[in-house]
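In what follows, a single structure is set out as structure tokens and then discussed.
Values reported hereafter were calculated over all heavy atoms of this structure, with side chains retained and with hydrogens, waters and symmetry mates removed.
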Amino acid sequence: MPHEAVSFLSLEMYKVSYARPSSASIRDANLYVSGLPKTMTQKELEQLFSQYGRIITSRILVDQVTGVSRGVGFIRFDKRIEAEEAIKGLNGQKPSGATEPITVKFANNPSQKSSQALLSQLYQSPNRRYPGPLHHQAQRFRLDNLLNMAYGVKRFSPITIDGMTSLVGMNIPGHTGTGWCIFVYNLSPDSDESVLWQLFGPFGAVNNVKVIRDFNTNKCKGFGFVTMTNYDEAAMAIASLNGYRLGDRVLQVSFKTNKAHKS
DNA sequence: TATAATT
């Protein structure tokens with residue numbers, strides 16, 4: 001082999017493998033898994049599912065800022081039948097050591113993502129911060145005490161929260177890896193992300209908003225989530241927007257909890 | 001449709 005060819009090959013690294021044969025037996029063998037413990041690693045996820053067949057790929061979705069697991073992942077099996085067996089065996093089951101059951105279902109095809117969903121992501125880029133009505137110290141103090149009583153939450157400084165990864169998995173209502181998660185109930189079926197940005201933006205730094213939709217109809221299920229960076233601003237938004245009348249609906253706004261239809 | 005999440 002000429003020297004030039006050897007040099008060329010040594011500079012490039014390729015992964016070469018045979019394409020998997022396309023057939024019905026491996027079609028739709030991809031699973032979506034939610035409710036995973038935040039501490040579960042990709043390796044542990046594979047160990048859990050490997051008893052049902054040969055895993056082709058796996059993934060755990062993580063928060064882009066903190067790297068903390070979002071409790072959601074994917075498992076692609078070699079064969080459709082393996083995926084079916086994994087659903088039978090693991091859906092609704094608690095992995096050893098877990099406190100909550102996991103959900104295992106066939107994954108949606110990414111290509112069928114709606115144009116509406118794609119458009120809504122355009123709203124997620126600005127991290128605009130409006131000067132909220134949070135400058136009066138006495139007002140802040142009273143509000144914090146009110147919320148401490150209501151939710152049993154001590155007021156943590158953002159520095160403490162962000163600096164302690166050991167807090168991952170602790171049950172602080174509304175607190176997530178990147179901020180304070182707020183549950184918004186009674187949105188109309190045609191709500192989209194922009195309404196949440198408009199409602200919460202004036203109270204401070206909004207990291208993220210999400211309207212939860214039915215996959216088939218693409219209509220809002222009546223609720224959504226807003227993540228805000230700062231506790232004070234989240235608390236003020238909740239105090240102001242809970243009971244707020246939006247059109248002919250009265251919103252219910254609170255820190256996100258784990259339990260279903262509490263309050 | 002009362003606490004998600006779709007690489």
Side-chain angles (χ1 to χ4, degrees), chain A residues 28-38 40-42 45-46 49 55-77 83 86-87 91 99-118 120-121 123-124 150-151 153 171-193 196 200 206-228 234 238 241-243 246 249-263:
Chain A
D28 304 323
N30 194 31
L31 296 179
Y32 171 79
V33 188
S34 60
L36 295 169
K38 300 288 195 289
M40 180 178 272
T41 64
Q42 183 179 7
L45 180 68
E46 288 201 6
F49 279 81
I55 294 169
I56 303 302
T57 58
S58 68
R59 178 165 300 185
I60 289 179
L61 301 188
V62 299
D63 184 280
Q64 288 191 332
V65 176
T66 63
V68 173
S69 166
R70 294 167 63 195
V72 174
F74 293 88
I75 292 280
R76 181 182 294 282
F77 278 103
I87 291 175
N91 182 42
T99 58
E100 298 300 321
I102 63 174
T103 299
V104 185
K105 61 212 291 196
F106 285 108
N108 296 337
N109 190 326
S111 66
Q112 57 191 262
K113 190 171 201 178
S114 72
S115 58
Q116 186 182 357
L118 289 170
S120 73
Q121 293 196 336
Y123 288 106
Q124 309 225 358
Y151 295 101
V153 182
N171 188 20
I172 302 170
H175 179 253
T176 67
T178 45
W180 298 89
C181 189
I182 298 167
F183 174 64
V184 185
Y185 178 71
N186 215 10
L187 299 172
S188 76
D190 60 351
S191 296
D192 69 0
E193 271 69 9
L196 293 178
F200 287 82
V206 176
N207 295 341
N208 186 50
V209 303
K210 182 78 176 176
V211 169
I212 305 306
R213 296 183 176 86
D214 179 275
F215 177 72
N216 294 312
T217 68
N218 215 32
K219 293 293 186 185
C220 175
K221 290 181 176 179
F223 62 95
F225 297 94
V226 175
T227 304
M228 298 187 70
I238 290 168
L241 294 174
N242 185 39
L246 181 65
R249 292 163 172 270
V250 176
L251 298 184
Q252 291 178 36
V253 184
S254 65
F255 282 115
K256 182 190 178 314
T257 66
N258 299 319
K259 292 177 184 175
H261 69 93
K262 167 195 168 186
S263 144

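- Counting to the nearest Å, the P atom of dA2(B) and the CZ atom of Arg249(A) are 13 Å from each other.
- Rounded to an integer number of Å, the gap from CD1 of Ile212(A) to P of dA4(B) is 8 Å.
- In this structure, the separation between CG on Leu246(A) and CG on Asn186(A) is 9.0 Å, given to the nearest 0.5 Å.
- In this structure, Asn242(A) has no side-chain hydrogen bond (donor to acceptor under 3.5 Å, both in side chains) partners at least two apart in sequence or on a different chain.
- Atom CD1 of Ile238(A) and atom CZ of Phe200(A) lie 7.5 Å apart (nearest 0.5 Å).
- Whole-Å rounding puts the Tyr185(A) OH to dA2(B) P distance at 6 Å.
- Under the side-chain contact (heavy atoms from CB on, under 4.5 Å) criterion, Thr57(A) pairs with Arg76(A), not counting sequence neighbours.
- Taking a centre distance below 5.5 Å and an interplanar angle below 30 degrees as the stacking criterion, Phe183(A) does not stack against the six-membered base ring of dA2(B).
- One interatomic measurement links the two molecules: CG of Asn186(A) to P of dA2(B), which rounds to 11 Å at whole-angstrom precision.
- Remark: Lys256(A) is not in phosphate contact with dA2(B), judged by side-chain N or O atoms under 4.0 Å from OP1 or OP2.
- Residue Gln64(A) contributes atom CD, which lies 13 Å from atom C1' of dA5(B) at whole-angstrom precision.
- Protein atom CG of Leu36(A) is 14 Å distant from nucleotide atom C1' of dA4(B), rounded to whole Å.
- Among the nucleotides dT6(B), dA5(B), dA2(B), the one closest to the side chain of Gln252(A) is dA2(B).
- Minimum atom distance to the side chain of Phe223(A) is reached by dA2(B), of the listed dA5(B), dA2(B), dT6(B).
- In terms of phosphate contacts, Arg213(A) brings no side-chain nitrogen or oxygen within less than 4.0 Å of OP1 or OP2 of dT1(B).
- Rounded to whole Å, atom C1' of dA2(B) lies 17 Å from atom CD1 of Ile182(A).
- Atom pair Leu45(A):CG and dA5(B):P shows a separation of 17 Å (rounding to whole Å applied).
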